[in-house]
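The figures here come from the full heavy-atom set of this structure, side chains too, leaving out hydrogens, waters and symmetry mates. Predicted model, so just to flag it, every value in this text is computed and none were measured. Just follow the structure's listing: the first ligand is 1, and inside any ligand the first atom is 1.
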Amino acid sequence: MTVTVPSYYKDFKCIADKCKHSCCIGWEIDIDDETLDFYKSVKGDFGKRLNSYIKSESGINSFILDKNERCPFLNKDNLCDIYIELGENNLCQICTDHPRFRNYLSDCIEMGLGMCCEEAARLILSQESKFKMVFLKEENEEIDLTEDEEYILNVREDLYSIIYENENDIENGINEIFDFMEYSFPDKSLSQWVDLLLNLEILDPQWKTLLENIKSKENEIIKTGLEGFNREFINLIIYFLFRHMVNCSDWEDLCARVSFSVFAYRLIKILCINKLIESEECNFEDLCEYARLFSSEIEYSQENMDAVLDMLKT
Ligand code: SF4
C-alpha cells in the first residue's frame, strides 16, 4: 500500500530522556499480539520482569503502570529498559508508532506526526516551507482513490491554498474558508466555550487551571493582540486540517472538522495571549506546550474529540 507523509516526517527523532512530557507516563500502553508472543518467549531475569508487568483485561494486554502512572520499564533516567535490553525492533507496535498516526484511504495510507508529542509539535510548528505530502518509499506511485476521497482531498488542498493566500491575515483566511464551505462557526463567547470544555474529561490538572484562567480574563484577552507566530499558526491550522478532514463521515462532519481546526487555532492563540498578559512574554516553547496540551486533552481523547465535534455542528 502506498504511504504518503508530510515532507518533515522523516526529520522526527524522539528526544527520549530529554522529553518533559514522556508518552511513557500517564497513557495506557497496549501490547499487540505479536509482541506479546515474543515477550512471553523472553528468558532470564529480564523475561521474568517483563512478564510480571503485563496484565490482560477484556482481551486487551497492557503494561501495569506504577502508582505515578509511569510505564514500569521507563527507568529512573527516563530511558526505556525494553529498548535497552531487547532493542528498538522489539518494542510493541504502539511504542514503535508513537507519535505517528495513520489516515486510511482506499489505496493509500497517510501518515503524520501527532501534536501530543512535544518534539513533534516543535517540528510541525517550526516548518518554514509550505506543507507538502511526499511518498514514504517509492516516488510517483499511482494512487487509485474513490470519487469521495478525491473530492475531500481536493477540498483540503483548496483550504490550504486559502490559508496560505491569507498568511498575513489569518482571520480573513478563516472567513474565506467558511464562505467557501458555506458553513459558519458557532457563535459563543469565550466563557461559554470554556464552560463546555470544563465539562469534558480532563487528564492534566494544568489544563483545567489554564481554562479557568482564560475564563477569568475574558475581557482583557479580547482586547489584547498577539504579534508574530503567523507562520506557526498557519502550520497549526494546516496540521489539524490534514489530520482530521479525511476521517469525516459526511458533509456536516467534514465542516465540523474544518471548524475544529479553527477552534484549535483560536484556543491555542488565546492561551498564548493569556501567557503574554501574565508574564509579558510568550515564546515558541510556550506555543508548542499549549499545542501539545490541547492535542493530549482533546485530540487524543476520542470521547472529548467527538464531544467538541458535536459542539461545532451548527
Ligand atoms: S512524547 Fe515524543 S519526544 Fe517524548 S518520549 Fe514520547 S515520542 Fe519521545
Trainee: Taking only Lys NZ, Arg NE, NH1 and NH2, and the carboxylate oxygens of Asp or Glu, determine whether E167 and R231 approach each other closer than 4.0 Å.
Mentor: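 Result for this pair is yes, salt bridge flagged.
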
Trainee: Before accepting this row, confirm whether a basic side-chain N of the pair R257/D253 lies closer than 4.0 Å to the acidic partner's carboxylate O.
Mentor: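 Result for this pair is yes, salt bridge flagged.
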
Trainee: Is the distance from atom 2 (Fe) of ligand 1 to some N, O or S atom of H21 under 2.8 Å?
Mentor: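 Under 2.8 Å: H21 has no N, O or S contact with atom 2 (Fe) of ligand 1.
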
Trainee: Is E278 salt-bridged to K275, going by a charged N under 4.0 Å from an acidic O?
Mentor: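 Not counted as a salt bridge, because no side-chain N and carboxylate O are separated by less than 4.0 Å.
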
Trainee: For ligand 1, which atoms have a heavy atom of I15 less than 4.0 angstrom away?
Mentor: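 Contacts of ligand 1 toward I15, numbered from 1: 3 (S), 8 (Fe).
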
Trainee: Could you tell me, atom by atom, which parts of ligand 1 come under 4.0 Å of a heavy atom of C23?
Mentor: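 In order of number, 1 (S), 5 (S), 6 (Fe), 7 (S).
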
Trainee: Any idea how F233 and Y265 line up, ring-wise: parallel (<30°), tilted (30 to 60°), or perpendicular (>60°)?
Mentor: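 Aromatic pair F233/Y265 classed perpendicular.
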
Trainee: Which residue and atom name correspond to the protein heavy atom nearest atom 2 (Fe) of ligand 1, and how close is it?
Mentor: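 I find the closest protein heavy atom is C117 SG, 2.4 Å.
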
Trainee: Below 4.0 angstrom, N of the basic side chain to O of the carboxylate: do R122 and E119 qualify?
Mentor: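 Between E119 and R122 there is a salt bridge, with a charged N closer than 4.0 Å to a carboxylate O.
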
Trainee: Can you tell me which residue and heavy atom of the protein come closest to atom 4 (Fe) of ligand 1, and the distance to 0.1 Å?
Mentor: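 Looking only at protein heavy atoms, the one closest to atom 4 (Fe) of ligand 1 is C19 SG, 2.4 Å.
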
Trainee: Quick one: look up the protein heavy atom nearest atom 5 (S) of ligand 1 and list residue, atom name and how far away it is.
Mentor: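 Of the protein heavy atoms, C14 SG, 3.7 Å lies nearest.
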
